[in-house]
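What follows is a set of notes on a single structure, which appears directly below.
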2 protein chains.
Amino acid sequence: MRSVVLFYLCFLLCLCLGVACVVCVSLWNTRWRGGFAWNGSALQFNWHPVLMTTGLVVLYGYGAVLYRVPLTWGQNKLPWKLLHASLMLLAFILSVVGLCAVFDFHNAKNTPNLYSLHSWIGISAVALFALQWVGGMAGFLLPWTPVSFRKLLKPTHVWFGGSILTLSIAACISGINEKLFFVLKGNTSASYGQLPPEALLANSLGVLIVAFGLVVLKILSNPKWQRPDSRPENTAYSPLLQEDNE
Amino acid sequence: MRSVVLFYLCFLLCLCLGVACVVCVSLWNTRWRGGFAWNGSALQFNWHPVLMTTGLVVLYGYGAVLYRVPLTWGQNKLPWKLLHASLMLLAFILSVVGLCAVFDFHNAKNTPNLYSLHSWIGISAVALFALQWVGGMAGFLLPWTPVSFRKLLKPTHVWFGGSILTLSIAACISGINEKLFFVLKGNTSASYGQLPPEALLANSLGVLIVAFGLVVLKILSNPKWQRPDSRPENTAYSPLLQEDNE
């Protein structure tokens, strides 16, 4: 009982931190960076931090902890599995649009793509995310995958998922840091070194992203919070896809 | 047996990646950044990436996975515990000297300290590391801590340790990225966007640091690779400090 209460406290914290990340990154790009457009300008770039934070961090994190909610354990797994896959797909789509925003912006300015360490880490996160989604789909949703293979795949899927989130966090922190050095320069009161309100907000966004990621990784790593393997209810509903107890 | 072989493969990978990180960061700062000094110049700054990578990432990671080596399981835990604490203390000292290098450099140039997101994440990692070391010392090495409290503290200590490593990785990636934007600028063939050899080496260092961190976190997260709780050998040797089975 104590473990369930503790879980819901962590889960609530995770939900709140996720919302706070999305609010902060949107506020930063609306209030200080001039808002949004899709015309190759800096306003198009602004979609990049908003979509990567929302997709690759927040929605991804929400999707990852979904199975840990004890409320879902007594229920058939399949609908939750489909919700997990859908949330991850939405997270992936937002990330890809977020990448398009920055590629278009670079191309319009004749700036090279994928040269910085930030971009190397970020593109690796998205590429591994694509692999993970396809692997997860093939391994856990297609009916012909043997249950024994699913059992073998599951710990790798969970660890790989945590690793992708770690990459996303590193990409976000380096990206926010880089952006602030680009836009808050010179020896004025608005320079990064003077910590103007924009810098305080964006640094806080970075701290929130790290806190969110650590709470998600904490939820994923606690064995007590894992959905129990076998449930009689699991076998009650298997319309199209093979049900499994992995 | 298969699990032990897999462990040693991961452990070997971890050792090699750690050495590769130290070699790369030293090579970068010797070959391209002019080497080292302690005089407030950019050469003093060069100690910062070398000491943070060596201390806060590599030695820290080596210290973290020490208990997982099956070779140590049949032996008394106390000497390994002291080695763990010593490695972590050395890692902490290197990190603090690495921080002094950058503070001195900033002060000599009248640059503010602790304003960037990189510095916020980095200083949080070092501060939490200090707390973790003191908490670990008090909880696991002092003889009057009850065994029941040690058992309670252990999962928190392990999770906190992984979180500090995640913060260190994010700090390293943002730091390397920031440094490369600072030093490789302008529209020459040596600008960051043209990916000159220095950028390739330092970006690769970032990738190696992430890979090292993920292997360490993988080793820490596998329950099969945890030192078994109770061993009769544990009680054979307890000279000064209370032996425990936590």
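Chain naming here is simple, since letters A, B, ... match the order of the sequence lines and numbering starts at 1 in each.
Residue contact with chain B, scored on non-hydrogen atoms closer than 4.5 Å, involves the backbone and the side chain of A:Tyr192 alike. Only the side chain of A:Leu167 comes within less than 4.5 Å of a heavy atom in chain B; its backbone stays farther off. Residue A:Ser221 touches chain B through its side chain alone, counting heavy-atom pairs closer than 4.5 Å.
Residues of residues 118-128 of chain B that come closer than 4.5 Å to chain A, counting heavy atoms only, are B:His118, B:Trp120, B:Ile121, ordered by residue number. Chain A is approached within less than 4.5 Å, heavy atom to heavy atom, by B:Ala170, B:Ile173, B:Ser174 from residues 168-175 of chain B, ordered by number. Within residues 208-217 of chain B, the residues having any heavy atom under 4.5 Å from a heavy atom of chain A are, by residue number, B:Val210, B:Leu214, B:Leu217. Within residues 4-26 of chain B, no residue approaches chain A closer than 4.5 Å by heavy atoms.
Contact check for A:Trp47 versus A:Cys100: no side-chain heavy atoms found under the 4.5 Å cut-off. In this structure, the side chains of B:Val183 and B:Trp32 stay at 4.5 Å or more apart for every pair of heavy atoms. Contact check for B:Asn29 versus B:Phe45: no side-chain heavy atoms found under the 4.5 Å cut-off. No side-chain heavy atom of B:Asn203 sits less than 4.5 Å from a side-chain heavy atom of B:Val207. B:Lys185 has its side chain out of reach of B:Ser191: every pair of non-hydrogen atoms, C-beta onward, lies at least 4.5 Å apart. Proximity of A:Val69 to A:Arg227: side-chain heavy atoms (C-beta onward) are nowhere separated by under 4.5 Å. With contacts defined as side-chain heavy-atom distances shorter than 4.5 Å, the pair B:Gln226/B:Arg68 qualifies. No side-chain heavy atom of A:Lys179 sits less than 4.5 Å from a side-chain heavy atom of A:Pro49.
Ranked by non-hydrogen atom pairs under 4.5 Å with chain B, the options A:Pro155, A:Gly162, A:Gly193 are led by A:Gly193. Among B:Ser163, B:Pro223, B:Ala202, B:Gly206, the residue making the largest number of heavy-atom pairs under 4.5 Å with chain A is B:Ser163.
With hydrogens and angles ignored, the 3.5 Å screen pairs a side-chain donor or acceptor of A:Trp225 with a backbone N or O of A:Ser3. A donor-acceptor pair is defined here as one N or O able to donate and one able to accept, closer than 3.5 Å; no such pair exists between the side chain of A:Thr54 and the backbone of A:Leu51.
Taking the ring centroids of B:His48 and B:Phe105, they lie at or beyond the 6.0 Å cut-off. A:Phe181 and B:Phe181 have their aromatic ring centers separated by at least 6.0 angstrom.
Atom CG of B:Leu205 is separated from atom CD1 of B:Ile176 by 4.0 Å, given to the nearest 0.5 angstrom. For the atom pair A:Ser189 OG and A:Leu195 CG, the distance stands at 12.0 Å (nearest 0.5 Å). With rounding to the nearest 0.5 Å, the separation of NE2 in B:His157 from CZ in B:Phe140 is 5.5 Å.
Of the residues B:Tyr62, B:Tyr60, B:Tyr67, the one that meets the ring pair (Phe, Tyr, Trp, His ring centres under 6.0 Å) test with B:His84 is B:Tyr67.
Across all their heavy atoms, B:Phe129 and B:Met88 have their closest contact at CZ-O, 3.2 Å. Contact record, B:Leu59 with B:Ala91: CB-CB, 3.9 Å, taken as the closest heavy-atom pair.
Contact check on B:Glu198 versus B:Arg33 returns a salt bridge, with a Lys/Arg side-chain nitrogen under 4.0 Å from an Asp/Glu carboxylate oxygen.
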